[in-house]
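Notes follow once the structure below has been shown.
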Amino acid sequence: MGCSPPMKRYETHPALAGWDGTIRDARRLQVDLAARVALETPPGPALRTLAGFDVGFEDGGSITRAAAVLLDADSLQPLAEALVRVPTRMPYVPGLLSFRELPALVEALGRLPAVPDLAFVDGHGIAHPRRLGIAAHFGVATGLPCIGVAKSILCGDHGPLRDEPGAHVPLEHEGEQIGWVLRSKRACRPLVVSPGHRVSMRDALDRVVRALTRYRLPEPTRLADRLASRRAATAD
DNA sequence: GCGACAG
DNA sequence: ATCTTGTCGC
């Protein structure tokens with residue numbers, strides 16, 4: 001027989017519609033959802049709001065904390081924030097991050113006083129083995145334009161990157177560009193930026209660059225990261 | 001078979 | 001991700 005090891009089934013969630021709870025089906029679903037990712041930026045008026053999303057953990061990982069921060073797109077000043085604490089249901093499995101963190105992120109989105117025009121999600125967009133990182137999954141699940149901002153590469157390769165802030169090179173995988181490696185700050189490890197949903201490759205990079213201030217992370221991501229990790233603002 | 005592997 | 005102080009460099 002070919003199914004001796006009892007396959008584990010994790011608890012599902014509305015945000016993960018179509019998933020039967022198994023690791024194997026999660027990978028199958030990723031391929032299906034990746035086909036629904038839109039890689040064009042729809043025409044429209046200038047963005048008014050942005051939102052940053054990130055997840056952190058408490059109690060050794062038993063509690064998942066999802067943070068969402070809404071900001072004014074021009075001033076980059078925070079307008080509102082939401083924090084959700086829920087029991088962790090699945091372990092971290094490389095390539096399946098969204099099945100662990102997406103439910104909490106969607107809950108946090110629902111607690112913001114307004115829907116953002118563009119979301120910055122901590123993790124990869126299409127810069128993923130099956131082109132469905134958590135930012136792309138978040139985008140397809142919510143329908144919101146979204147960009148993935150990761151702190152390290154999951155897959156793909158790239159050429160040399162200059163140390164000047166703003167320097168960037170394409171991140172490629174299996175013959176296609178899946179994102180950008182961006183030097184957001186001098187002498188700091190570069191960020192990996194990739195389209196999540198309803199944003200073009202070029203606009204994903206431009207939007208992140210425009211949201212940078214004096215730190216390594218773009219403001220939406222930096223504020224969400226701080227809130228999710230229960231760290232306080234540095235005096236300044 | 002071996003190494004890699006977002007958060 | 002998280003456990004954790006000081007320290008080196010831009």
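Everything numeric in this text was worked out from a predicted model, so none of it was measured. Just so we're on the same page: letters track the sequence lines, and every chain starts at 1.
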Which nucleotide in C:dT2, B:dG7, B:dC5 has an atom nearest any side-chain atom of A:Arg100: B:dG7
Between the base of B:dG7 and the ring of A:Tyr92 - centre-to-centre under 5.5 Å, planes within under 30° - is that a stack? yes
Salt bridge or not between A:Arg28 and A:Asp25? Use side-chain N to carboxylate O under 4.0 Å. yes
Rounded to whole Å, how long is the line connecting atom CD1 of A:Ile63 with atom P of C:dA1? 18 Å
So which nucleotide from B:dA6, C:dC10, C:dT2 ends up closest to the side chain of A:Ala187? C:dC10
Separation of A:Phe138 atom CZ from B:dG7 atom P, in whole Å? 17 Å
Would you mind classifying the nucleic acid contact of A:Gly148 as base, sugar-phosphate or nothing, using non-hydrogen atoms under 4.0 angstrom? nothing
Whole angstroms only, please: what is the CZ-C1' distance between A:Arg130 and B:dC5? 11 Å
Within a 6.0 Å radius of atom CZ on A:Arg186, are there more than 12 heavy atoms belonging to other residues, nucleotides or ligands? yes
Please determine if a side-chain N or O atom of A:Ser152 lies less than 4.0 Å away from the OP1 or OP2 oxygen of B:dG7. yes
Donor-acceptor side-chain pairing of A:Ser200 and A:Asp203 below 3.5 angstrom: yes
Determine the contact category for A:Gly133: base if any of its heavy atoms lies under 4.0 Å from a base atom, sugar-phosphate if only primed atoms, P, OP1 or OP2 are that close, otherwise nothing. base
First of A:Asp225 and A:Asp163 reached from the 5' end of DNA chain C, by closest nucleotide: A:Asp225
Is any NZ, NE, NH1 or NH2 atom of the basic residue among A:Arg226 and A:Glu81 found under 4.0 Å from an Asp or Glu carboxylate oxygen of the other? no
Separation of atom CZ in A:Arg65 from atom P in C:dA1, rounded to whole Å: 13 Å
